[in-house]
Amino acid sequence: MPEPLPGPAAALTPDELLALDRQHVWHPYGPMPGRAEPLLVESASGVRLRLARPAEGRDELVDGMSSWWSAVHGYNHPVLNDAARGQLERMSHVMFGGLTHEPAVRLAKRLVDLTPEPLEHVFLADSGSVSVEVAVKMCLQYWRSLGRPSKQRLLTWRGGYHGDTWQPMSVCDPDGGMHELWQGVLPRQIFADAPPPGFDTPPDPAYLTHLHDLIARHADELAAVIVEPVVQGAGGMSFHSPAYLRALREACDAHDVLLVFDEIATGFGRTGELFAAGHAGVAPDVMCLGKSLTGGYLTLAATLCTAAVAEGISQGELPVLAHGPTFMGNPLATAVADASIGLLLSQAWAQEVKRIETGLRDGLAAAAGVAGVRDVRVLGAIGVVQLDHAVDMAAATRAAVREGVWLRPFRDLIYTMPPYITGDDDVARICAAVCAAAREG
Ligand SMILES: *Cc1c(COP(=O)(O)O)cnc(C)c1O
C-alpha cells in the first residue's frame, strides 16, 4: 500500500516535497526518476523567484529566463492578478463549442488589430505546439479544398524548433536535436540549409538562390513553408537577416505555397519589433503566437490566418476546420492575455526592450574574452553566449545561482531572455551570471 500524504500540503517540508517530486513527477526533457534535483520555488514577484530551500546560499534568484520566455511583465503583477481574479469571479471556464464570451472576443479582435494586415481570423489553442498543429492542418486542408491534395509537405530551414507534438517535431532541426530519435517515424519534410547567421549581415545571394530553387523544385508537393522569423529559439538561439523572410514570401507567392511564421518565441516585442515579421515588412498567411501571450500566467496560444486561407478551407468538401480543444478559448487565459497585451501597449515597451538590449550588450561583452566562448550575440531582450563545446549544464546553472540568477543553459548555449521590467542593476547581474556560467560551464 502506498503511504497516504500527511494532511494539508503545508505539512510537507521542502525535503519531503523534493523526495516525492523525484519519485513521481516527470520534468521537461528529463528521465524518470530525474537525475538533477530541481530548485523548489515557493513564490515569485517582480523579477525574483523565492526558493523554499536555499541553493548555493541564495534564497532568492533574479529570473533570467522569463519562465521559458513568457513572463514578460515579471511575476505577481497587480494588473494581471486583477484580470485573473475578476474573470475567476465571473467564470473560469465554459466550453467554446456553441458558446462564446467577452474575453475571447476581445483578445481575438486585439490580435487581428496588432498583427500584419491580412491576418483576419483567430483559432485559440492551449499550447504553442497545438497552435502549430492547427497551422499545419489549416495549410494542408486549404490545398485539399482547392483540389490540390498532393500539396501536403512542409519546407523549413535547419536549426528550427516548433514544438514537441508530432507535426511540429517533423519541422524541428533534424540533426542533433532532441527529436532526432524519431527520424523515419515522423512525416518527412523538406529542409533547406540553416539561414546564414547574423541579423545585420547582408543576405548571401547563394543562400537566396538555394531557398528559391528548393521551393520551386518541390512546389507541387509543398503545402507551406514554416519558419521562426529572425530568431531561431530552442533550435540554437541564432539570428538571421530579415531579407531571407522577404525571399521566402516572394518564392511562396511565385509558387503557390503558403507561408507560416511561428512567432511563439518572438511575438510581443522580444526582438525589438512587436512581431519579428515587422523587421522584414512582410506578412505570413498563417501566424502562431504563444509563450508571452498571457504574460506567462496561463497556457494559451493562437493561430491566425488570412481571409483567403479561411475561405479556401470553407469551400472544401468538409467545409470546417476539424479541431476543437476541450479548453479552447479558456476565459481565464484569454482575459489575462488581453490584460497582458493591454499592459504591454500602455508602456514604452520598445524603449524598455532597447534599454535591456543595451544592458545585455555592455554586460555580455566580457564573455567574448572567456576561454571556450565562440560567439556572443544580442538582439532585443535576448542575450546569447555560445561555447565551442557542450555546456556542463549542472556546473553552469550552479555558477549562475551562486551569482543569484536563474538560467537554464542547453547544448552549447548560455542565454538570457529577461522580463521587460528587469532593472539595469538586475540586467547587469544577469550578465555577470551568464559570464560566470560560461567560465564554469
Ligand atoms: C516554445 C515554442 C513552441 C512550442 O510551444 P509550447 O507551448 O511549448 O508547446 C513552438 N514554437 C516555438 C518557436 C517555440 O519557441
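Whatever order the structure lists ligands and atoms in, that order sets their numbers, starting from 1. The figures here come from the full heavy-atom set of this structure, side chains too, leaving out hydrogens, waters and symmetry mates.
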Does any N or O of ligand 1 fall below 3.5 Å from an N or O anywhere on [X], backbone included?
X	result
W69	no
E228	no
V132	no

State the atoms of ligand 1, each with its element, that fall below the 4.0 Å cut-off from a heavy-atom position in [X].
X	value
A265	15 (O)
D262	10 (C), 11 (N), 12 (C), 13 (C)
G163	4 (C), 10 (C)
S127	7 (O), 9 (O)
S129	4 (C), 5 (O), 6 (P), 9 (O)

Check your understanding: Regarding H210 and D204, is there a side-chain donor-to-acceptor distance under 3.5 Å anywhere?
Key -> no
So for atom [atom1], which belongs to [X], do other residues, nucleotides or ligands contribute more than 12 heavy atoms lying within a distance under 6.0 Å?
X	atom1	answer
M95	CE	no
R188	CZ	no
R153	CZ	yes

Practice item. List the closest protein heavy-atom neighbour of atom 7 (O) of ligand 1: residue, atom name, distance to the nearest 0.1 Å. Key: G128 N, 2.8 Å
Point to revise | Ring geometry between W157 and Y244 (parallel below 30°, tilted from 30 to 60°, perpendicular above 60°) | key: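 Taking W157 first and then Y244, their aromatic rings stand perpendicular (interplane angle over 60°).
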Exercise for review: Under the side-chain contact (heavy atoms from CB on, under 4.5 Å) rule, what do F261 and T266 come out as? Steps first, then yes or no, please.
Suggested key: CA-CA 10 Å; F261 282 170; T266 50; over 6 Å; no
Check your understanding: Can you name the one residue among S340, S292, S66 that meets side chain to side chain donor-acceptor pair (under 3.5 Å) with H73?
Key -> S340
Review point. When you measure from atom 15 (O) of ligand 1 to each heavy atom in H162, K291, Q232, E133, which option holds the nearest one?
Key: K291
